[in-house]
Amino acid sequence: MTLADDAIAWYETNARDLPWRQPTTSAWGVLVSEVMLQQTPVVRVEPAWRSWMTRWPTPADLAADPPAEAIRMWGRLGYPRRAMRLHACAVAMVERHDGEVPSDLDQLLALPGVGTYTGRAVATFAYGQRHPVVDTNVRRVVSRAVEGKPDAGAATTAADLVAVEELLPPDEATAAKASIAFMELGAIVCTARAPRCLSCPFETACAWHATGENLPEGPSRKPQRYAGTDRQVRGLLLEVLRHASGPVPRQRLDVVWSDEVQRARALAGLVDDGLVEPLGADDFVLAGDNQRPQPQDL
DNA sequence: AAAGCGTGGAT
DNA sequence: TATCCAAGCTT
């Protein structure tokens, strides 16, 4: 039995029942789930994903609406640039791929917001192809089970892809199952904080378990501050703009943060990123909102 | 290649 | 309370 075999067997009876794993889910549905899951936990993604798919069942549906609507629907999932990119991705798929999610990995990787992980995840989970799908869960599982180290490095490397590829069975469909199984194992058993080694199908094979599960010395990532950062200010500004139906006067944005310099910098950053657009001298809207007729236009 | 980018729940 | 962490991507 290989690790892949053990993982697949374990997955058959232990996998969570997530909507984007239903066989009827479209490749678009898989892509949306993958983007939403970038740095956002499953429990928060699930309801958002359902709403999103109900409103925009296909890429063409999303592409037909302005980015502002995507940013609103994104709600508080975090990193709203992902909503922008998902919208841009839908537009690109309409333009370049006849409104379909491409199955070719290189075409996937060329889409906005689709990187090393997401591209392979879509090719694998939506189209059943054989690719190493390497996210934080898989890196942790492989780091522990194969290398005996408590945690993986900070970011995915080419070597990680090779290491995971070598664990995949040759058959395409089986490899795809192994990929989702490795991820699920990392998500619910081989967790960062309190791994459930006694419930792990790798228990006897795991190099890390064999050496006594020595814990990592420090955090695997650099701790990221939030309070007081531009990110917090951007979040506050965007929260106001999300709930506005028309142009927002600058004064309404001024009240969210007292430091004028930082506030201006954060707003400029949102404009730079294409999330927000200035409208006239002192009004702001979410990207594309100026294309909707405003009350004063009627 | 390291830093920037949201948000909220768990410990 | 503060820190860690959650299916990363872009520049």
Side-chain angles (χ1 to χ4, degrees), chain A residues 15-16 18-21 29-49 71 74-86 88-89 108-126 131-141 150-158 160-161 164 179-188 190-195 215-239 241-242 256 262 265-266 268-270 272-276:
Chain A
R16 292 166 293 179
L18 301 174
W20 45 86
R21 289 180 180 165
V30 173
L31 173 56
V32 171
S33 78
E34 294 301 342
V35 174
M36 287 184 169
L37 287 163
Q38 294 168 1
Q39 305 283 279
T40 301
V42 166
V43 287
R44 289 171 53 206
V45 164
E46 197 167 335
W49 182 86
I71 296 165
W74 198 255
R76 303 186 65 80
L77 287 181
Y79 294 145
R81 293 195 290 195
R82 291 182 292 163
M84 278 290 297
R85 291 180 182 142
L86 193 48
C89 184
L108 283 165
L109 292 172
L111 294 169
V114 176
T116 304
Y117 163 76
T118 303
R120 286 171 176 77
V122 171
T124 300
F125 304 145
H131 298 286
V133 180
V134 183
D135 72 333
T136 185
N137 291 306
V138 173
R139 290 194 299 118
R140 186 173 54 248
V141 168
D151 262 315
T156 300
T157 64
D160 293 332
L161 291 184
V164 172
S179 290
I180 191 67
F182 288 148
M183 280 184 57
E184 188 75 345
L185 194 56
I188 68 183
C190 191
T191 52
R193 203 110 38 130
L215 293 170
E217 312 74 39
S220 51
R221 291 190 214 178
K222 213 169 289 182
Q224 45 173 342
R225 300 278 167 283
Y226 178 67
T229 62
D230 287 5
R231 294 226 304 286
Q232 182 182 14
V233 183
R234 288 166 58 110
L236 293 169
L237 292 170
L238 219 46
E239 179 69 2
L241 288 157
R242 270 203 302 267
V256 306
Q262 188 177 22
R265 187 175 62 225
L270 290 170
D272 274 351
D273 287 349
L275 287 158
V276 172

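Proteins get letters first, then strands, A, B, ... in listed order; numbering begins at 1 in each.
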Would you tabulate the pairs of protein nitrogen or oxygen atoms and nucleotide nitrogen or oxygen atoms of nucleotides 9-11 of chain B closer than 3.5 angstrom?
residue, atom, partner, partner atom, Å
B/dT11, O4', A/R193, NH1, 3.4

Atom-to-atom span, CG of A/L86 to C1' of C/dG8 - whole angstrom = 14 Å
Output the single nucleotide from B/dG6, C/dA6, B/dT7 whose closest atom is nearest the side chain of A/R76.
-> B/dT7
Check whether any side-chain N or O of A/T118 sits under 4.0 Å from OP1 or OP2 of C/dC9, and answer yes or no.
-> yes
C/dA7 and B/dA2: how far apart are their C1' atoms, nearest whole angstrom?
-> 22 Å
Contacts of A/R225 that satisfy salt bridge (charged side-chain N to carboxylate O under 4.0 Å, His left out) - sequence neighbours left out = none
Is any side-chain heavy atom of A/V114 less than 4.5 Å from a side-chain heavy atom of A/V122?
-> no
Grab the CD-P distance between A/Q38 and B/dC5 for me, whole Å please.
-> 17 Å
A/Y117 OH to C/dC9 C1', in whole Å, measures 13 Å
Sorted by chain and number, sequence neighbours left out, salt bridge (charged side-chain N to carboxylate O under 4.0 Å, His left out) with A/E239 holds for A/R76, A/R242
Could you tell me which residues satisfy side chain to side chain donor-acceptor pair (under 3.5 Å) with A/N137, sequence neighbours excluded, listed by chain and number?
-> A/D135, A/R140
Hey, does A/R21 have a side-chain heavy atom less than 4.5 Å from the side chain of A/E184?
-> yes
Which residues satisfy the salt bridge (charged side-chain N to carboxylate O under 4.0 Å, His left out) test with A/D230, sequence neighbours excluded?
-> A/R265
Determine the contact category for A/W20: base if any of its heavy atoms lies under 4.0 Å from a base atom, sugar-phosphate if only primed atoms, P, OP1 or OP2 are that close, otherwise nothing.
-> base
Using a heavy-atom cut-off of under 4.0 Å over every strand shown, decide if A/I180 touches base, sugar-phosphate, or nothing.
-> nothing
Looking at C/dC9, B/dG6, B/dT7, which one has an atom nearest to any side-chain atom of A/R82?
-> B/dG6
Can you tell me how far P of B/dG4 sits from CG of A/L238, to the nearest Å?
-> 19 Å
May I ask you to say what A/G115 touches in the nucleic acid, namely base, sugar-phosphate or nothing, with a heavy-atom cut-off under 4.0 Å?
-> sugar-phosphate
Spacing between A/Q39 atom CD and C/dC9 atom P, to the nearest angstrom | 9 Å
If you look at every strand shown and take non-hydrogen atoms under 4.0 Å, does A/L77 touch a base, only sugar-phosphate, or nothing?
-> base
Can you tell if the side chain of A/L109 reaches within under 4.5 Å of the side chain of A/R120, non-hydrogen atoms only?
-> yes
To the nearest angstrom, the CZ-C1' distance between A/R81 and B/dT7 comes to 15 Å
Have a look at A/T116 and say if it touches a base, only the backbone sugar-phosphate, or nothing, with a 4.0 Å heavy-atom cut-off.
-> sugar-phosphate
Within the structure shown, what part of the strands sits under 4.0 Å from A/R140 by heavy-atom distance: base, sugar-phosphate, or nothing?
-> sugar-phosphate
At under 4.0 Å between heavy atoms, what does A/R231 touch on the DNA or RNA strands: base, sugar-phosphate, or nothing?
-> base
So what does A/R225 touch, heavy atoms closer than 4.0 Å: a base, only the sugar-phosphate, or nothing?
-> nothing
Could you say whether A/D135 or A/L111 is positioned toward the 5' end of DNA chain C, judged by the nucleotide with the nearest heavy atom to each?
-> A/D135
Atom-to-atom span, CZ of A/R85 to P of C/dG8 - whole angstrom | 14 Å
Taking only residues two or more places apart in sequence, or in another chain, which ones meet A/R234 in a salt bridge (charged side-chain N to carboxylate O under 4.0 Å, His left out)?
-> A/D273
Base, sugar-phosphate alone, or nothing: which one does A/V114 contact when heavy atoms must sit under 4.0 Å apart?
-> sugar-phosphate
Value in whole Å for how far the P atom of C/dT1 lies from OH of A/Y226 | 18 Å
Find which nucleotide of DNA chain C each of A/E184 and A/L109 is nearest to by heavy atoms, and output the residue with the more 5' nucleotide.
-> A/E184
With no hydrogens and no angle check, is any side-chain donor or acceptor of A/T40 less than 3.5 Å from a backbone partner on A/L77?
-> yes
May I ask you to verify whether the side chain of A/T229 and the base of B/dG4 hold a donor-acceptor pair under 3.5 Å?
-> no
Residue A/A192, side-chain atoms from C-beta onward, closest of B/dG4, C/dC5, C/dA7 | C/dC5
